[in-house]
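I have placed the structure first, in the form of structure tokens, so that the comments after it can refer back to it.
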Amino acid sequence: MIAEVITDVSAHPVDRPFDYAVPDGIAEVIEPGSRVRVPFGNRKVLGFVTGLKEESDVPASRLKPVDELLDPEPVLTEEMLRLADWMRETTLCFEIDALQVMLPSALRAKYEKTVHVINPEKLPHELAEITRDRRVVAVKEFGEGLLPVLKRLASEGTVSIETAVRQRTNIKKERVLHIIGEAGRLDEIRGSLPKIASRQAELINWMEEHIGMSVPSKDVMEATGTTRATLNALISKGAARETEEEVYRKPEAGLMPENGGIPGPLTDEQATAVGTISGAVDNRRDETFLLHGVTGSGKTEVYMQVIRQVLDQGREAIVLVPEISLTPQITSRFKRRFGPLVAVMHSGLSAGEKYDEWRKVQRGEVKVVVGARSAVFAPFRNLGVIILDEEHESSYKQEDSPRYHARDVAIRRAEEHGCPVILGSATPSLESYARAKKGVYKLLTLAERAKKQPLPEVQVVDMREELKNGNRSMFSVALAEAIRHRLDSGEQTVLFLNRRGYSSFVLCRDCGTSVQCPNCDISLTYHRATERLQCHYCGHEERVPLTCPECESEHIRFFGTGTQKVQEELHRLFPEARVLRMDVDTTRQKGAHERLLRQFGDGEADILLGTQMIAKGLDFPNITLVGVLSADTMLRLADFRAAEKTFQLLTQVSGRAGRHEKEGEVVVQTYAPEHYAVELAKDQAYEPFYAIEMGNRKRYAYPPFYFVTLIQFSHEDLMKVSEVAGNAARYLSGKLGPDTVIIGPTAAEVARVNNRYRYQCLIKYKKEPKLAGVLTDLVKIYRSSWMKEGITMSIDMNPSTIS
DNA sequence: AGCACGCCGACT
DNA sequence: GTCGGCGTGCTC
């Protein structure tokens, strides 16, 4: 038997299956999707079996055998193998990267080079000191200097150097005792015990009470006060059998369903949506629904009722949520409804915990997965529905290889499983809405809020006017008054700061320069917690200078509005207010996100101040004011989606206010009050916004009218990278159709990162059947010449941002 | 001649 | 990605 194996090597020349002979011992158990260890070159690597066959084109003499089968059952289904192929084609990634991204990181390989001592007596003294009497020692224990000596010894045959393939995270196991089922046999064993073995006798008595049962060994020893030795003695006499079994870590205690998980009442709109989607579930139609519901319209209840139906049919469901809204508030809703059938996958879990959740899915112990982007790969075999909540969120797109979009993967998987996809949003991406209007997706609308609350009153404040009137603070008069009002009435306020491009940087008041990163073309950001300046691109850190590095003036100070600075100003204006700050700095530790939200929910603070991460999922009855400190910072991005993102964010944020009995108020501060994205977000006027934005996209030839592909280049030398990018652009325009537009080469928004200059080309096209082929050829040119000159090139077939 | 270093190609 | 093989060029 021959196995086709994709090896764990991300490189162009080996991005294809290699054939291996399958030894008899594992031929019966190996399957497509199995992980194996194989010899590759002169080392051992992990690989995935993608196919099995009887004949190989490679001469038998050159075939090497599979070294070891790593799992008793395959970790990937045939469906996932096809999915990986599809990802390689559509995102231009290596097959191995597509395969690895579908699995928890615990299943990735860790390689360790080891020295195996063959002739200990020939080992030089200096090495023997390190090995002492061990036969296998990690190479890194010897240190750099001894490497040549080791190599020489290896060629002489005194030692051998091998690469060991290991699991990244240990799979937690415990020993379990299986007590035999025959009472008579236990009796016999007791009879044969010498008088002195009183411990064994006690243990036998205990076993008789637990006949035929399986109990963790450590529990047995604890319950009977016996030791391992006693236990082993009885095992060898045949009273019980012991095995190693995988145990799950417990990230949180399972919630039992509340009210038996009874669904809530539905509005007419919700009922219609559920009914329509149910039809697709019943008929196993792979239809995509766009559930367009205003904030607070109860999309989650629609999801849950569809999931209930899916579960009743014995099928499974995936619910994707943006990472930042994957809070216990959201997940516990699913856990309360579906109880222990739910697994949660998010970045807060340790690698081991992620693996445990994945195993629960693989073993069929759970039927619903709630998780971020990568949960779209949950190894279900009989999916009944895939849901993407907040489908417009850019976090569904992975920014490094494989550059997949969870929405596309979901739709692809749904085709295989014959099940519907639900894309839910209050502010759908233009792409999805356009597809819904064209009838590619089916549009379902929830125009009413579920509890019939009115949408919050939104007031847009022109900050230029404030400045004119002498208010130089970051709070407009209107917002300050509104906050004061909440403090007096004991209600809560959420303040939102769009931090991007607006964080604190250090500026010299004399010469006007800001402190730049030495490696990147970007200003350094001031971090109060560490009292240092940091680069958000390369991680460079330095002390805050006392004088300007350019002109040596002492008049240097912090500018911009970071959350820390807002917090200080809040304290100055409202000394009695209890403020919680939520941003990357305060949520870094595990569980901090949840803790802050709980504190706010419990009324331990009056004001919650935060960045992007508070825009979603916040749902507390006492929030009656939402303030947006600067609505238009995103509008300044050189990105065709800037207006769309601004509109989406403002709409989402406004939706946090007055979701319950009390009416909500929203104050939006901006320097561009007349911009359509700001104006239309005020009334959550999606349709008018859609119409204007579509006009712009059409005029400037952007999605959804055109497809875009972004090609980025980087090199230490500015001239070199601009030359190569120019060559690439010329090559593309020569090969692609006349209606295809190539923009560039242009310098990237951040033109230098980590001392490498960055250039890019943007391809805009409507129909370009040759594109895949042309890009493949471009990659060949890259490999054969540019790569050797130190250029790196990356292709994103559908970038979520081009800035 | 002996070796360090960098480039190139192979990996079943 | 990682290795060995091989060429170049430098040193003893």
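Note on naming: letters A, B, ... go to the chains in the order of the sequence lines (proteins, then strands), and numbering restarts at 1 for each one. Source: prediction; values computed, not measured.
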Sequence neighbours excluded, every pair satisfying salt bridge (Lys or Arg N to Asp or Glu O under 4.0 Å) that has a member inside residues 111-125 of chain A: A/Glu112-A/Lys140, A/Glu112-A/Arg166
Residues in ring pair (Phe, Tyr, Trp, His ring centres under 6.0 Å) with A/Tyr782, at least two apart? none
According to the ring pair (Phe, Tyr, Trp, His ring centres under 6.0 Å) rule, which pairs have a member within residues 100-124 of chain A, sequence neighbours left out?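 Every candidate ring pair (Phe, Tyr, Trp, His ring centres under 6.0 Å) pair involving residues 100-124 of chain A fails, so no pair, neighbours aside, qualifies.
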Under the ring pair (Phe, Tyr, Trp, His ring centres under 6.0 Å) rule, what pairs show up with a residue in residues 48-103 of chain A, not counting sequence neighbours?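 Ring pair (Phe, Tyr, Trp, His ring centres under 6.0 Å) check on residues 48-103 of chain A returns A/His12-A/Phe94.
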Look at A/Lys44 and C/dG1 and indicate whether a side-chain polar atom (N or O) is within less than 4.0 Å of OP1 or OP2. no
Base, backbone or nothing for each nucleotide of nucleotides 5-12 of chain B, written B, S, -, heavy atoms under 4.0 angstrom, 5' to 3'? ---S--BB
Nearest-Å distance, CZ (A/Arg108) to P (C/dG1)? 15 Å
Taking side chain to side chain donor-acceptor pair (under 3.5 Å) as the test, write out the residues that go with A/Arg758, two or more places apart.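 In terms of side chain to side chain donor-acceptor pair (under 3.5 Å), with neighbours along the sequence ignored, A/Arg758 is linked to no residue.
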